[in-house]
There are 2 protein chains.
Amino acid sequence: MAVTMNDVARVAGVSLKTVSNVINNYEFIRPTTKQRVLDAIDELGYETNLTARSLRSGKTSMLGLVLADLSIPYYAELASDIMKVAWARGYRVLVEQSGNEPDHEKAALQGQFRTLTDGLLFIPLALDAEQIIAAAGKKPLVLLGEYVQDPRLDMVLIQNHRAAAAVTTHLLAGGRRRIAVVGAHDGDTTGSGGLRLEGYKAALADAGVEYDPALVVPCDWRRDGGADAIARLLDSGVEFDAVFGLNDALALGALHELLVRGKKVPQQVAVAGFDDIDEARFASPSLTTVAPGRAEIAERAVELLINRIESKTPAAKVQQPEAAFELRVRQSAP
Amino acid sequence: MAVTMNDVARVAGVSLKTVSNVINNYEFIRPTTKQRVLDAIDELGYETNLTARSLRSGKTSMLGLVLADLSIPYYAELASDIMKVAWARGYRVLVEQSGNEPDHEKAALQGQFRTLTDGLLFIPLALDAEQIIAAAGKKPLVLLGEYVQDPRLDMVLIQNHRAAAAVTTHLLAGGRRRIAVVGAHDGDTTGSGGLRLEGYKAALADAGVEYDPALVVPCDWRRDGGADAIARLLDSGVEFDAVFGLNDALALGALHELLVRGKKVPQQVAVAGFDDIDEARFASPSLTTVAPGRAEIAERAVELLINRIESKTPAAKVQQPEAAFELRVRQSAP
DNA sequence: CGCCCCATCTGCAACGATGTATGCCAACAG
DNA sequence: CTGTTGGCATACATCGTTGCAGATGGGGCG
């Protein structure tokens, strides 16, 4: 049987409520009384029952975080940052893996899961804005990334368009003219893939280079997806002198496949990615990529969510802060 | 205000307890009554309050998972697996990052955090068995890995010794005789590092190759640690024709540094790691390593913990299942 | 000297669910 | 016609905590 406030109260010779007051740092307690209570707590090894506290107070001090899968480095690193920021603000994080499936995402938005958290950080991949709004309950919700964009939802934005343009411009500056894009469908304009593709196109246009749909190869945003895509591209005979992987994982998969096929990187083909995961720095050759401001995203998202949770007037205007990005030039595309 | 069972009961025209019975699939309920309740639930959008349920039932259906940091791929991948297994068994996972600090680890073992979980999965890095036993409360606890070994504690074992020996034997079979070990101190015999080092020594002895302490380089178990270590080793002038990184991250860091320094891998120096993280397969050259049976570890650990939690007689004998390992030969050490 | 104030402490009710004990009624046996 | 059985539903107490509304009692002030 666990030790309760009642036990502490009995040992300290005060009322249960006084114990509660000590624990919650109520102002008007005689120092001697306070000490007696603290001693009793120590003696009995009392631990506040957070479940009971939550029930009574209506707050769980937990944030939900829904993402596709922790085995994907970008999400893992982001989750790590988010947990640290949340921890510093007195919140824990309950992670839910959606596996990129609409049903899971919907379940995470609605389900009982929500009753365990005060608010939700959500990286949507499968649902669109309408579905999210329809499924979301009344608790605070902050979206991450830019897969979904909608003026009605709080979210932290990544500068997909501008950052992708910056990468492309860098590749063009290196003299590349046939830049393959791996990870999008020709014609995509929404979602992270579409927005990054648009940035790529804009940079090409700026430089007066013609856009060739044959250079756009769709694939899963994973290492093996990138490898497959490059294999297909090479087999198809389309010429290219650079690869822009729409995230680092697939850029690294592409890089791997290029090397396997005997291409020299960056001499014959330059490679660039997006995300700046830790691994990018240690790839061989190291990967040129763009850092979307992960730490800042984590910081802003948690802060925004906690402000919503703790605000007395949650009806404030929708907020959509934007994280700063930074190009990281490395060996794969100097 | 949230919808409660009371509201549902009022709308359905039954007692609160009947609603509870419907939700918990109590056997003897007239189908018509049940339907009325379910309709009311639907109409009101009722969600069971898990906090209240936990308080009353004393179970939270959450498992704690304490690890160093999610940004380390091995932990992230393991966490992902654990969450999937736990989810399938009806449990959620609350992750806590210890940052490899003793105080954090201790706090995670004791703190209020424990009141939120039914049991704990713990990957100890900083605490030893005594400290763990002293700090652990009464709730079920299962350790992962082999940093700590003790007959009094439930844990899932990794075959550090045998797996490390297998890697070493493989390198020896490839004709290497000067195999540097990165990530341990000469003389370590405990913890993952020590056990793997012992396996390395045993394999050398089996092959009749002399052990040279100068080849053992300590470093942090991260990419940059491995890179630093190799830099130091090269600068020191010690000759070596292979590197055994005691985990993949540092093996990849080492690989990176070798390539930067112009060494040909595997022609001049072979490289092998330990963990088989996803990244190993896509490194260039791809990394030879040993898979410690991550999926099996996750499976066994969760199962063991849940059995302890749900068992009526938790005093059963200490269990220490061992996961099977597998050597994965790739380009870096063919 | 009496009254009010305020620091300090207390008791009760409630958060939303579940376990236990029990009530009620129909059907059936004796 | 009474007693028993068993399906079905209910009331009440309870989990451990916090919010609210007092209760207490010593000191300052008129």
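Note on naming: letters A, B, ... go to the chains in the order of the sequence lines (proteins, then strands), and numbering restarts at 1 for each one. It should be emphasised that the depicted structure is a prediction, and the values quoted were computed from it without experimental measurement.
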Closest heavy-atom pair, A/Val14 versus A/Val19, reported as atoms and distance to 0.1 Å, is CG2-CG2, 3.9 Å
For DNA chain D, which residues of residues 39-51 of chain B approach it to below 4.0 angstrom with any heavy atom? none
Take the protein atom CD1 of A/Ile29 and the nucleotide atom P of C/dT10, then report the distance between them rounded to whole Å. 10 Å
Salt bridge between A/Glu43 and A/Arg36, side-chain N to carboxylate O under 4.0 Å? no
Can you find a side chain N or O atom of A/Arg30 that sits less than 4.0 Å from OP1 or OP2 on C/dA7? no
For A/Lys17 and D/dT17, give me the distance from atom NZ to atom C1', rounded to whole Å. 9 Å
Quick one: are B/Arg53 and B/Asn24 in side-chain contact, heavy atoms under 4.5 Å? yes
Does a nitrogen or oxygen in the side chain of A/Ser20 sit under 4.0 Å from OP1 or OP2 of D/dT18? yes
Does A/Ser54 have a side-chain nitrogen or oxygen under 4.0 Å from the phosphate oxygens OP1 or OP2 of C/dC15? no
Determine: side-chain N/O of A/Asn21 to OP1/OP2 of C/dT8, distance under 4.0 Å, yes or no. no
Answer yes or no: is there a side-chain heavy-atom contact under 4.5 Å between B/Asn307 and B/Glu303? yes
Side-chain N,O (B/Ser15) to OP1/OP2 (D/dA9) below 4.0 Å: no
Looking only at the side chain of A/Met5 (C-beta and beyond, no hydrogens), which of the listed nucleotides D/dT14, D/dT10, D/dT17 gets closest? D/dT17
Has A/Arg53 got a side-chain N or O lying under 4.0 Å from the OP1 or OP2 atom of D/dT18? yes
Does the side chain of B/Leu144 reach to within under 4.5 Å of the side chain of B/Ile82, using non-hydrogen atoms? yes
So, OP1 or OP2 of C/dG16: does either fall under 4.0 Å of a side-chain N or O from B/Thr4? no
Should A/Lys84 and B/Asp69 count as an ion pair when the cut-off is N to O under 4.0 Å? yes
